[in-house]
Amino acid sequence: MQHVGWVGLGVMGSEITQRLIAKGHSVVGHNRTRAKAAALEAMGMGWGPSPRSVAETSDIVCSMVTDTKALHAVTDGPDGILAGLGPGKLYVDMSTVSPAASRELTGRVSATGAVMLNAPVSGSVVTIRQGQLAVMVSGARAAYERARPFLLDIGPKVTHVGEDPGLALAMKIAVNLNLQVQMQAFCEAVLLAEKAGVPRELAVEILSLDTAADVFVNTVVTSPMVKYRGPFVLKMPEVAWFNVNMMQKDMNLALEMGQRLDVPLPATAISNEFLTAARAMGLAHHDMAIVFDVLAALAGVEVER
């Protein structure tokens, strides 16, 4: 059992924290809005009044926040995570931010005598609950070996991408651009079938079939993402798993990386514009699968939500 600190109790952070508590870890958490921690406190999570207090009372402190600005907000200043770190501490950031920002933060963590790993995750609420989350890790190999047993309690697939602190984030950004481009293609396919006369529900069903469960299946397009997110075309979740703003942040990170590394990303750029359109239509609070509604509006198809 580890004494774990967790800063950032959003949708994914809360789910992971629940999993850690269930695995027997002693967890103390902090969130900007304490109300989001109430259910976790009822499950046994301790409350830390500041990110610093969380870091001071933990062997391993983790953070999972929205973006680079939010990461600075929880790490900097007299009440930040950095102020609570010291020799022997391990800091694991699971946020998706720019590789450059993470490299800079890694250097500042080292100056405290602590060690930092970057460990963004790939998955969703469903994959966390099913125990199928994938974790990508970069940083010193020795620190990775220390953290690996703890990370395996979060998800069964933990991969060390390399010692360069930014590599795990580069991999996570590549994964997420694929997620949105896949969703865009799925929505286009459903809409095309619907306008041809196939009921939307049936189109979603056929495009989402799984060889493990169905005899007739279009195997070349089925993916785990389509399987669990395809139904959002029909009905959005009450709480977005990954909303438009969050996805666009990652798409913009991908496009910036592409420009810097001379990698053309045309599908990413086009998909990103549909996220911009979703924001313009007042849909930013919805899950990123809401791009179906943007396409439907362009095609003259009505969508009831």
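In this text, all values refer to a predicted model and were calculated from it rather than measured experimentally. For the single chain, residues carry numbers from 1 onward in sequence order.
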Side-chain polar contacts of residues 253-264 - donor-acceptor pairs under 3.5 angstrom, sequence neighbours left out - could you list them?
unit_1	atom_1	unit_2	atom_2	d
Glu256	OE2	Arg260	NE	3.4

Legend entry - Ring centre gap for Phe150 and His25 strictly below 6.0 Å: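 Close enough - the centres of the two rings lie under 6.0 Å apart.
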If I compare all heavy atoms of [X] with all of [Y], which pair ends up nearest, and what's the gap?
X: Val54; Y: Gly48; result: CG2-CA, 4.0 Å
X: Pro165; Y: Ser138; result: O-OG, 2.7 Å
X: Ala119; Y: Val137; result: CB-CG2, 4.1 Å
X: Ser122; Y: Leu133; result: O-CD1, 3.5 Å

Taking [Y]'s backbone N and O only, do any of them form a donor-acceptor pair with [X]'s side chain (distance below 3.5 Å, no angle check)?
X: Arg52; Y: Pro78; result: yes
X: Thr112; Y: Ala114; result: yes
X: Lys89; Y: Ala55; result: yes
X: Ser271; Y: Thr268; result: no
X: Thr75; Y: Leu82; result: no

Can you find a pair of side-chain heavy atoms, one from [X] and one from [Y], that are under 4.5 Å apart?
X: Val7; Y: Cys62; result: no
X: Glu201; Y: Ile206; result: no
X: Ser95; Y: Asp67; result: no
X: Asn118; Y: Thr106; result: yes

I'd like a table of donor-acceptor pairs (distance under 3.5 Å, sequence neighbours excluded) in which one partner is a side-chain atom from residues 289-299, with atom names and distances.
unit_1	atom_1	unit_2	atom_2	d
Asp293	OD1	Arg305	NE	3.3
Asp293	OD1	Arg305	NH2	2.6
Asp293	OD2	Arg305	NE	3.0

Does this structure show an ion pair linking [X] with [Y], if we count only N-O contacts that are shorter than 4.0 Å?
X: Glu163; Y: Arg141; result: no
X: Arg34; Y: Glu41; result: yes
X: Asp250; Y: Lys172; result: no

What's the spacing between [X] [atom1] and [Y] [atom2] if we round to 0.5 Å?
X: Leu275; Y: Met288; atom1: CG; atom2: CE; result: 7.5 Å
X: Asn176; Y: Met251; atom1: CG; atom2: CE; result: 9.0 Å
X: Leu234; Y: Glu205; atom1: CG; atom2: CD; result: 10.0 Å
X: His160; Y: Leu117; atom1: NE2; atom2: CG; result: 7.0 Å
X: Tyr91; Y: Ser110; atom1: OH; atom2: OG; result: 12.5 Å
X: Phe274; Y: Met183; atom1: CZ; atom2: CE; result: 13.0 Å

Inset, instruction - Say whether Lys227 and Ser208, considering side chains only, have a donor N or O and an acceptor N or O under 3.5 Å apart. - result: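 Per modelled atom types, Lys227 and Ser208 side chains form no pair under 3.5 Å.
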Inset, instruction - State, without any angle test, whether Asn252 and Asn272 hold a side-chain donor-acceptor pair at a distance under 3.5 Å. - result: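 Checked: Asn252/Asn272 side chains pair up, N/O donor to acceptor below 3.5 Å.
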Inset, instruction - Can you label the angle between the Trp241 ring and the Tyr228 ring as parallel, tilted or perpendicular, going by 30° and 60°? - result: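 Plane angle between 30° and 60°, so tilted.
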Legend entry - Other residues, nucleotides, ligands: >12 heavy atoms within 6.0 Å of Glu145 CD: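 Yes - once you tally the heavy atoms of other residues, nucleotides and ligands closer than 6.0 Å, there are more than 12.
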Inset, instruction - Take atom CZ of Arg32 as the centre, draw a 6.0 Å sphere, and report whether it contains more than 12 heavy atoms from other residues, nucleotides or ligands. - result: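 Open.
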